[in-house]
Amino acid sequence: MTYVEKPPHVHETRMRHISDEDLLAALGAAGVAETRHWRRPKPLWDLGRDEVEAADALIGQEVDFLDRSRGRSRLYGFHYLRWMMPLVSAYARTGDPVYAKEWDRLFTRWYDTRDQVEGDWPGLDVVWYSLGVWARSMHVNAALAVFAEEPALSDGCWARMLKTVIGGARWAAEEHDEFRHGNWQFVCACELLHAATLYPELPEAASWAGVARARILDHLERDVRADGGHHERSPGYHVMVLESLQRAVALDPEIAEHPKVAAMHAWLAALEAPGGWVPHLQDSGVVWPAELLAKGPKVAVPEGSHLLAASAYAVMRSAGLYAVVNYGPYVGHELEPHSHHAALDFVLADRDGPLAWEAGGPPSYDDPGYYDWYQATRGHNTLLVPGQDYTEDRRAELDLFVTGEHADVFAGHHHGYARRHDRRIVFVRDEPSYWLVTDTIDAEAIWQLHGLEPWRPHGSGYVSGRVLVVPAGPPDEVVHGNGPARIPDQRTRTAEYGEIHSLGLRRRDGRFTVAIVPFHGEPPEVTVTESGVTIDGTTDTFSAYGWSRGESSQHWGGDE
């Protein structure tokens with residue numbers, strides 16, 4: 001058997017089935033009732049708001065904790081028990097004992113059946129693995145603090161909850177006795193420090209804290225990149241880690257002083273679009289970072305365009321326009337990598353929201369489209385080479401990044417296909433502003449861009465929403481498609497799934513010069529050649545090394 005984490009080390013009486021006698025001895029208590037008074041620090045976990053309706057829906061619900069039809073990955077997530085937390089939030093808000101009684105019923109059933117659950121990931125226990133232990137500790141500790149004085153929650157359930165937290169912490173301390181890359185160990189170590197702080201009377205609490213601190217500092221040094229980005233390059237997983245790290249920082253001044261703590265906050269701020277969100281890059285959801293950043297150290301956000309060089313993202317911004325270009329590697333993971341099969345792809349936005357979007361992360365890793373849409377090259381704004389698989393070892397590289405008075409330039413290449421793909425993006429910041437994208441590959445290829453509305457012809461180009469795409473010369477074929485993606489709603493600060501629409505420009509020679517022009521109101525009149533762009537009478541001239549408009553010009557290297 002090949003195990004995803006360490007080989008099983010679930011001790012029967014110290015972890016899995018702690019007796020009442022051993023529990024009370026560890027806590028120094030004469031009976032369970034004596035432990036019910038929560039004279040501990042408040043758990044560092046934010047309860048959900050306005051969850052009474054969700055809690056009411058759980059009352060009397062029959063739950064099969066062994067139901068493998070939930071999906072291979074969803075079964076693991078179901079046993080995090082996050083879905084039960086509305087009961088805690090509703091009780092905290094209303095004081096109605098019905099919610100405590102329902103938690104008692106559901107949690108007791110979970111505890112008494114958890115040994116029987118079987119998952120479909122080979123070598124990974126559904127209950128005893130890092131993310132399960134991490135999540136349940138957070139949720140159960142919050143429930144312990146909220147329900148402590150409520151008689152409707154039985155002493156039997158209370159004891160089972162304590163055993164879950166303590167047994168999980170003992171497992172985590174043994175599981176993470178040495179450094180391992182990835183979000184699993186990072187968040188689990190942060191929660192182990194939290195548990196050690198909440199239960200200082202336990203004989204092993206000091207040992208837990210020592211293990212946790214060592215691993216957290218390991219991750220800050222080795223798992224957080226020099227620019228502050230988490231190793232996996234996913235904003236969603238970066239946030240998951242940062243939320244856990246913020247709890248550790250609140251408990252330990254030594255961790256708070258580490259420079260990577262501020263760098264992780266700065267990384268998130270550096271990726272923020274004008275509408276207050278961070279795109280769903282890699283296996284990520286759309287992130288709304290304001291509240292998280294407000295809890296952290298004050299950080300300086302770079303003005304204008306800049307590189308997150310260690311994470312391999314180029315950010316272009318000016319006057320309410322925004323682009324982020326991915327030129328990074330495929331990153332491994334404990335179970336399945338969260339990297340997508342694309343490089344030199346990009347997302348565009350203005351103050352009102354996305355202009356050119358991508359598939360992003362799935363609603364679940366069990367989603368039937370996870371591999372052939374969300375992770376696949378076709379779900380991204382880059383070149384698609386028909387009939388060729390995209391390799392993980394894509395060797396993406398940055399060739400040029402220049403910011404200037406009038407324009408910013410990104411150039412890079414990768415080897416994800418049999419032939420090298422080169423891309424240059426010039427962001428003209430002077431009004432009228434636009435992006436000029438130039439691609440070359442020695443193969444027949446499809447140039448892809450995903451808009452928020454179906455594409456319609458306009459002059460020699462195509463319009464979707466507030467963006468106009470105009471190629472230099474007609475393609476050999478135009479192809480269209482669509483697929484699901486989260487789309488940020490800046491008014492509600494949510495990102496529900498909607499539909500994005502693919503524009504594909506096929507060329508047999510693999511050479512593309514395409515202008516992407518944002519607009520409000522009616523789309524402008526645009527013409528594009530290999531060496532120039534004209535927008536409503538304003539003409540720009542391009543060479544391999546520079547840009548000019550009337551008396552204004554900018555040079556970005558090389559010889560004319």
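The structure displayed is predicted, hence computed values, not measured ones.
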**Message:** Can you list everything that forms a ring-ring contact (aromatic ring centres under 6.0 Å, His included) with Trp357? Sequence neighbours excluded, please.
**Reply:** Trp277, His280
**Message:** Among residues at least two apart in sequence or on other chains, which ones pass side chain to side chain donor-acceptor pair (under 3.5 Å) with Arg105?
**Reply:** Glu102
**Item:** Within 45° cone and under 6.0 Å: Arg317 NZ/CZ vs Tyr322 ring
**Value:** no
**Request:** Identify, with sequence neighbours excluded, every residue that meets ring-ring contact (aromatic ring centres under 6.0 Å, His included) alongside Tyr370.
**Result:** Tyr365
**Item:** Minimum heavy-atom distance between Leu348 and Ala323, given as atom pair plus value
**Value:** CD2-CB, 3.4 Å
**Request:** For atom CD of Glu149, decide whether the heavy atoms of other residues, nucleotides or ligands shown that lie under 6.0 angstrom number more than 12.
**Result:** yes
**Fill in**
In His380, His450, His341, the residue satisfying ring pair (Phe, Tyr, Trp, His ring centres under 6.0 Å) with Trp373 is His450
**Fill in**
To the nearest 0.5 Å, atom OG of Ser502 lies from atom CG of Asn381 at 8.5 Å
**Prompt:** Between Asp489 and Thr494, do the side chains contain an N or O donor and an N or O acceptor separated by less than 3.5 Å?
**Reply:** no
**Request:** Could you tell me whether the side chains of Ser130 and Glu5 share a donor-acceptor contact shorter than 3.5 Å?
**Result:** yes
**Message:** Is it the case that over 12 heavy atoms from other parts of the model lie below 6.0 angstrom from the CD atom of Glu12?
**Reply:** yes
**Message:** Suppose the criterion is salt bridge (charged side-chain N to carboxylate O under 4.0 Å, His left out): which pairs have a residue in residues 346-369, not counting sequence neighbours?
**Reply:** Asp350-Arg466
**Fill in**
Across all chains, not counting sequence neighbours, the side chain to side chain contact (heavy atoms under 4.5 Å, CB included) partners of Glu150 are Tyr91, Pro97, Ala100, Ala152
**Message:** For Arg160, give me all partners under side chain to side chain donor-acceptor pair (under 3.5 Å), at least two apart in sequence or on another chain.
**Reply:** Asp112
Report, one line per pair, each donor and acceptor closer than 3.5 Å where one atom sits in a side chain of residues 20-34; sequence neighbours left out.
residue: Asp20; atom: OD1; partner: Lys163; partner atom: NZ; Å: 2.6
residue: Asp22; atom: OD2; partner: Ser19; partner atom: OG; Å: 3.4
residue: Glu34; atom: OE1; partner: Ala30; partner atom: N; Å: 3.1

**Request:** Please work out which of the three classes, parallel, tilted or perpendicular, describes the rings of Tyr80 and Trp134, given edges at 30° and 60°.
**Result:** perpendicular
**Message:** For the backbone of Pro362 and the side chain of Tyr497, can you confirm whether one donor and one acceptor N or O come within less than 3.5 Å of each other?
**Reply:** yes
**Prompt:** Looking only at side chains, do Ser364 and Arg74 share a donor and an acceptor under 3.5 Å apart?
**Reply:** yes
**Request:** Check whether any side-chain heavy atom of Trp121 lies under 4.5 Å from a side-chain heavy atom of Ser73, and answer yes or no.
**Result:** yes
**Asked** What residues form a side chain to side chain contact (heavy atoms under 4.5 Å, CB included) with Ala376, not counting sequence neighbours?
**Response** Arg378
**Request:** Could you tell me whether the side chain of Gln61 and the main chain of Ala57 form a donor-acceptor pair under 3.5 Å?
**Result:** yes
**Item:** Side-chain heavy-atom pair Phe78, Asp67 within 4.5 angstrom cut-off
**Value:** no
**Prompt:** Between His258 and Lys260, is there a donor-acceptor pair closer than 3.5 Å when you use the side chain of the first and the backbone of the second?
**Reply:** yes
**Asked** Do other residues, nucleotides or ligands put more than 12 heavy atoms under 6.0 Å from the CD atom of Glu291?
**Response** no
**Request:** Examine the side chains of His501 and Glu453 and answer whether a donor and an acceptor come within less than 3.5 Å of each other.
**Result:** no
**Prompt:** Are the side chains of Ile255 and Leu193 in touch, meaning some heavy atoms are under 4.5 Å apart?
**Reply:** yes
**Asked** Distance-only, no hydrogens or angles: does the Asp227 side chain make a donor-acceptor pair with backbone N or O of Ser311 under 3.5 Å?
**Response** yes
**Prompt:** salt bridge (charged side-chain N to carboxylate O under 4.0 Å, His left out) between Glu178 and Lys6: does it pass, once the steps are laid out?
**Reply:** CA-CA 11 Å; Glu178 61 182 8; Lys6 288 173 62 174; over 6 Å; no
**Prompt:** Do Arg225 side-chain atoms and Ala310 backbone N/O form a donor-acceptor pair below 3.5 Å?
**Reply:** yes
**Polar contact flag, side-chain donor to acceptor under 3.5 angstrom, Asn141-Tyr199** = yes
**Message:** If I take atom CG from residue Leu75 and atom CD from residue Glu118, how far apart are they, to the nearest 0.5 angstrom?
**Reply:** 10.0 Å
**Prompt:** Do the side chain of Ser339 and the main chain of Val331 share a donor and acceptor less than 3.5 angstrom apart?
**Reply:** yes
**Request:** State, without any angle test, whether Asp283 and Ser234 hold a side-chain donor-acceptor pair at a distance under 3.5 Å.
**Result:** no
**Prompt:** Any side-chain heavy atom of Val10 sitting closer than 4.5 Å to one from Trp171?
**Reply:** yes
**Prompt:** With sequence neighbours left out, what residues match Gln282 under side chain to side chain donor-acceptor pair (under 3.5 Å)?
**Reply:** Tyr313
**Prompt:** Does any non-hydrogen side-chain atom of Leu245 lie less than 4.5 Å from one of Phe186?
**Reply:** yes
**Prompt:** Would His176 and Gln185 count as a side chain to side chain donor-acceptor pair (under 3.5 Å) if you check the C-alpha gap in whole Å, the side-chain angles of each, and the deciding distance to 0.1 Å?
**Reply:** CA-CA 7 Å; His176 299 301; Gln185 183 179 84; 3.0 Å; yes
**Request:** Using only heavy-atom distances, determine whether the side chains of Asp223 and His230 contain a donor-acceptor pair under 3.5 Å.
**Result:** yes
**Prompt:** Just wondering, do Tyr99 and Pro86 contact through their side chains at under 4.5 Å, heavy atoms?
**Reply:** no
**Prompt:** Can you check whether Asp218 reaches Arg215 side chain to side chain, under 4.5 Å on heavy atoms?
**Reply:** yes
**Message:** Test of understanding: with side chain to side chain donor-acceptor pair (under 3.5 Å), list the residues that count as partners of Arg114, not counting sequence neighbours.
**Reply:** Tyr111
**Request:** Report the residues that fulfil ring-ring contact (aromatic ring centres under 6.0 Å, His included) with His181, sequence neighbours left out, ordered by chain and then residue number.
**Result:** Phe179, His231
**Asked** Do other residues, nucleotides or ligands put more than 12 heavy atoms under 6.0 Å from Lys42 NZ?
**Response** no
**Request:** Could you go through the side chain to side chain donor-acceptor pair (under 3.5 Å) check for His340 and Asp345 one step at a time?
**Result:** CA-CA 10 Å; His340 287 182; Asp345 55 311; over 6 Å; no
**Prompt:** Would you find a donor on one side and an acceptor on the other, under 3.5 Å apart, between the side chain of His9 and the backbone of Glu174?
**Reply:** no
**Request:** Verify, without hydrogens or angle tests, whether Arg486 (side chain) and Glu496 (backbone) share a donor-acceptor contact under 3.5 angstrom.
**Result:** no
**Asked** Is there a donor-acceptor pair closer than 3.5 Å between any side-chain N or O of Arg247 and the backbone N or O of Glu191?
**Response** no
**Prompt:** Trp184: what forms a ring-ring contact (aromatic ring centres under 6.0 Å, His included) with it, not counting sequence neighbours?
**Reply:** Tyr129, His333
**Message:** What I'd like to find out is whether the side chain of Val347 reaches to under 4.5 Å of the side chain of Val325, using heavy atoms alone.
**Reply:** no
**Message:** Using 30° and 60° as the class boundaries, would you call the ring planes of Trp110 and His79 parallel, tilted or perpendicular?
**Reply:** tilted
**Asked** Can you check whether Gly236's main-chain N or O pairs, donor with acceptor, with Ser284's side chain at less than 3.5 Å?
**Response** yes
